Asker: 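Before anything else, here's the structure in question.
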Amino acid sequence: QVQLVESGGGLVQPGGSLRLSCAASVATLDWYAIGWFRQAPGKEREGVSCIRGSDGHAYYADSVTGRFTISKDNAKKTVYLQMNNLKPEDTGVYFCGAITSGSSYAWESEYKYDYWGQGTQVTVSS
């Protein structure tokens, strides 16, 4: 059983920054792919970014490339999502998920993920 706990959400003005954290109850992050998704009201869950545990390779949705950065701290067993130049359309509940096979293939599909956190709200508004 893997437990994921997100934190770091909040209210920020357009152009601002937030850093989200996903703390994982795992022996090592090296065995997992960890992804970040978001869901706005009335919309489907959308893949934002993913990091492959074995080598740290990162993936991003086109909508966040150049603004968001995913990283991991193996010692803290935590994955981060640094979000810069935030836009109102980035608003939503952000979830982190874990793929226990470690594969990042088709990371954008929420059905690839075996475990999810409870989510953290991000609101971008002036």
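What you see below is based on every heavy atom in this structure, not just the backbone, and it leaves out hydrogens, waters and symmetry mates. It should be emphasised that the depicted structure is a prediction, and the values quoted were computed from it without experimental measurement.
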Asker: Do side-chain atoms of Ser103 reach the backbone of Ser101 as a donor and acceptor pair under 3.5 angstrom?
Answerer: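 No, the answer is negative, given that no donor and acceptor are paired below the 3.5 Å cut-off.
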Asker: Backbone N or O of Gln118 within a donor-acceptor pair of the Glu6 side chain at under 3.5 Å?
Answerer: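 Present.
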Asker: Is it the case that atom CD in Glu44 sees more than 12 heavy atoms from other parts of the structure closer than 6.0 Å?
Answerer: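 For Glu44, atom CD is not crowded (no more than 12 foreign heavy atoms under 6.0 Å).
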Asker: Does Trp107 offer a backbone N or O that forms a donor-acceptor pair with the side chain of Tyr113 under 3.5 Å?
Answerer: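 Confirmed, Tyr113 side chain pairs with Trp107 backbone.
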Asker: Give a yes or no on whether Tyr115 and Ile34 share a hydrophobic cluster (residues Ile, Leu, Val, Met, Phe, Trp, Tyr; joining criterion: side-chain heavy atoms under 4.5 Å apart).
Answerer: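 Same cluster.
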Asker: Of all the heavy-atom pairs spanning Lys72 and Gly53, show the shortest one and how long it is.
Answerer: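 Minimum heavy-atom separation between Lys72 and Gly53: NZ-O, 3.3 Å.
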Asker: Aromatic contact between Trp116 and Phe37, with the criterion being ring centroids under 6.0 Å apart: yes or no?
Answerer: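 When the ring centroids of Trp116 and Phe37 are compared, they turn out to be within the sub-6.0 Å range.
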Asker: Hey, can you pull the donor-acceptor pairs under 3.5 Å for the side chains in residues 56-64, sequence neighbours left out?
Answerer:
residue: Tyr59; atom: OH; partner: Arg52; partner atom: NH1; Å: 2.8
residue: Tyr59; atom: OH; partner: Ser104; partner atom: OG; Å: 2.9
residue: Tyr60; atom: OH; partner: Ile70; partner atom: N; Å: 2.9

Asker: Given Asp114 and Val2, is the side chain to side chain contact (heavy atoms under 4.5 Å, CB included) satisfied, shown in steps?
Answerer: CA-CA 9 Å; Asp114 304 295; Val2 175; over 6 Å; no
Asker: Examine Val122 and Phe95 and state if one hydrophobic cluster contains both, with Ile, Leu, Val, Met, Phe, Trp and Tyr joined whenever side-chain heavy atoms are less than 4.5 Å apart.
Answerer: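 Val122 does not cluster with Phe95.
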Asker: List the steps, then state whether side chain to side chain contact (heavy atoms under 4.5 Å, CB included) holds for Leu11 with Gln121.
Answerer: CA-CA 8 Å; Leu11 172 64; Gln121 176 71 44; over 6 Å; no
Asker: Return the minimal non-hydrogen interatomic distance between Leu4 and Ala24, and the atom names on each side.
Answerer: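 Closest pair (atom of Leu4, atom of Ala24, distance): CD2-CB, 3.6 Å.
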Asker: Decide yes or no for Val26 and Tyr32: does some side-chain heavy atom of the first lie under 4.5 Å from some side-chain heavy atom of the second?
Answerer: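 In contact.
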Asker: Does any part of the side chain of Trp36, heavy atoms only, come nearer than 4.5 Å to the side chain of Val79, both counted from C-beta?
Answerer: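 Contact flag for Val79/Trp36 side chains = yes.
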Asker: Donor-acceptor check, side chain of Thr120 to backbone of Tyr94, threshold 3.5 angstrom: yes or no?
Answerer: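 Side chain of Thr120 to backbone of Tyr94, a donor-acceptor pair under 3.5 Å: no, none is there.
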Asker: Are Asp90 and Arg67 packed together at the side-chain level, in the sense that at least one heavy-atom pair is separated by less than 4.5 angstrom?
Answerer: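 Yes, close enough: below the 4.5 Å cut-off.
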Asker: Can you tell me how far apart CZ (Arg19) and CG (Leu81) are? Round to the nearest 0.5 Å.
Answerer: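 Going from the CZ atom of Arg19 to the CG atom of Leu81 covers 10.5 Å.
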Asker: First locate atom CZ of Phe68, then atom CG of Leu86, and finally report the distance between them rounded to the nearest 0.5 Å.
Answerer: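 Between atom CZ of Phe68 and atom CG of Leu86 there are 5.0 Å.
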Asker: Looking at every non-hydrogen atom in both residues, tell me the closest pair between Thr78 and Ser21 and how far apart they are.
Answerer: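 Of all heavy-atom pairs spanning Thr78 and Ser21, the closest is CG2-CB, 4.0 Å.
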Asker: Show the nearest heavy-atom pair for residues Ser125 and Pro14, with the distance to one decimal.
Answerer: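 Residues Ser125 and Pro14, closest heavy atoms: C-CD, 3.6 Å.
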Asker: We want to know whether Asn85 and Lys87 form a side-chain donor-acceptor pair, criterion being a heavy-atom distance below 3.5 angstrom.
Answerer: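 No.
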Asker: Report yes or no: does Lys112 contribute a side-chain atom to a donor-acceptor pair with the main-chain N or O of Ile99 at less than 3.5 Å?
Answerer: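 No, Lys112 side chain to Ile99 backbone: no donor-acceptor pair under 3.5 Å.
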Asker: Is Tyr80 reachable from Leu29 through a run of I, L, V, M, F, W or Y residues, each pair having side-chain heavy atoms under 4.5 Å apart?
Answerer: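 Cluster IDs for Leu29 and Tyr80 differ.
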Asker: Got a second to check how far Gln39's CD is from Glu110's CD, nearest 0.5 Å?
Answerer: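 Reported value, rounded in 0.5 Å steps: 7.5 Å.
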